[in-house]
Amino acid sequence: MLVVQKYGGSSLADSERMRHVAKVITDTYKRGADVVVVLSAQGDTTDELEAKALELNPKPSRREMDALLSCGESISIALMAMAIEAAGCPAISLTGRQAGISTDSSHTNARIKRIDTERMRRELEKRHIVLVAGFQGVNRFDDVTTLGRGGSNTSAVAVAAALGADLCQNFTDVDGVYTADPRIVPSARKLAEITYDEMLELASLGANVLQNRSVEMAKRFNVPLEVLSSFTPDVPGTLVKEMLTVENIQVSGVARDNNTARLSLVRLQDKPGVAAKVFSLLAREKINVDIILQSIGRDDTKDISFTVGAKCLDRAREVLTENREAIGFSELLIADNISKVSAVGAGMVNNPGVAARMFEALSAAGINIQMISTSEIKVSVLVDREDSDRAVRVIHEAFFG
Ligand code: ASP
Ligand code: MG
């Protein structure tokens, strides 16, 4: 059995936490598994390094930023190797480069291109616990790169895929994926299993447990991924995998996303090419559009409403206003006090009626739905932000109550 474990910064914050994690690692090792561990930087180290850089240079080169930020992870692996040796087990630390992780050259946001597993395998054969610095790689010029914030998750999945690991365990400070944010719904339950696609939806909808890129990669290489807490390592977490053993769960979770804004173009001409013009203008600015709603034409005019991520709102407003003549609309309305609330579930495909049940729950609570969008595995509605907590609760109650 080969296990890849990943520990995030909060699990490594100080020597006491490090010692605790060393114990979790050596326990796994003593049970006979081959263990590769991918570590983040301790606590807020990465933020602190970034702040130091900006004190000296408000626009540091990205190459030097990588040279600096990657140090946090290098510290973690060396210290952890020492903690494990102190606990009586053999360990070796490897930087991203030593672990054979090659990336492209987009500094501070590099992509892994390949992993040469030879060194890691050699160390595993010697029954060493292999500690790999997360977040780091090396480009073809032999310069250190980093994978973007939260990138250790991606390192871990990539290493697990390259080694053909049986399991990738992602230790964080939450003990799994829940049916809703427990801060909004205290009765939310931990899921034993969830599919990659559901996890991707829940992550992009604001249930921030795993970096999307890491889940996409786990799906592509079919790496079973477990989310669990380093504070309670013996409590089973949530397993993310391709197919669920428990079939027929209609809805796995309810997510809320506050990071959204709605724009409405009022009284556009009702003729071919208008939508194309609007959305190609936005696409050219790399503005991602989410839900789109077009009214039916009346008196030769129609309205189009759509949502964008909150941080794209200003740019979207500018582009549309600049092109008002060319597009031909009479008014641009904006709402940024809205939220997207979604029910996600791989079982929806085979279970008609999920949307109806969700809308009934909202209607009974007197919550107005502004827009709706659906996919094979989710139903999303746009509601006033002040209604969004309640929306999550009543939808959760309808499916899990
Ligand atoms: N240390 C980096 C960060 O804080 C990478 C990681 O933790 O995954 O973003
Ligand atoms: Mg961190």
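Any value given below was found using the heavy atoms of this structure, including those in side chains, with hydrogens, waters and symmetry copies removed. Numbering of ligands and ligand atoms starts at 1, following listing order.
Heavy atoms of G150 come nearer than 4.0 angstrom to ligand 1 in at least one pair. Judged by the shortest distance from any of its heavy atoms, G151 lies inside the 4.0 Å radius around the atoms of ligand 1.
Taking every non-hydrogen atom of R149 and a distance limit under 4.0 Å, the qualifying atoms of ligand 1 come out as 3 (C), 4 (O), 9 (O). Atom numbering of ligand 1 starts at 1 in the shown order; those under 4.0 Å from a heavy atom of S152 are 5 (C), 6 (C), 7 (O), 8 (O). Each of the atoms 1 (N), 2 (C), 3 (C), 4 (O) of ligand 1 lies under 4.0 Å from some heavy atom of T46. Residue-ligand proximity, S40 to ligand 1, at heavy-atom distances under 4.0 Å covers atoms 6 (C), 7 (O), 8 (O).
A donor-acceptor pair is defined here as one N or O able to donate and one able to accept, closer than 3.5 Å; no such pair exists between the side chain of R262 and the backbone of S305.
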Check: residues 390-401 side-chain donor-acceptor pairs under 3.5 Å, at least two apart:
residue : atom : partner : partner atom : Å
R390    : NH1  : A365    : O            : 3.0
R390    : NH2  : D387    : OD1          : 3.4
R393    : NE   : I184    : O            : 3.0
H396    : NE2  : T179    : OG1          : 2.7

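For the ring pair (Phe, Tyr, Trp, His ring centres under 6.0 Å) condition, no pair includes a residue of residues 94-146, sequence neighbours left out.
Under the 6.0 Å distance and 45° angle rule, R220 does not count as a cation-pi partner of Y196.
In this structure, Y7 and F171 have parallel ring planes: the angle between them is below the 30° cut-off, well short of the 60° mark.
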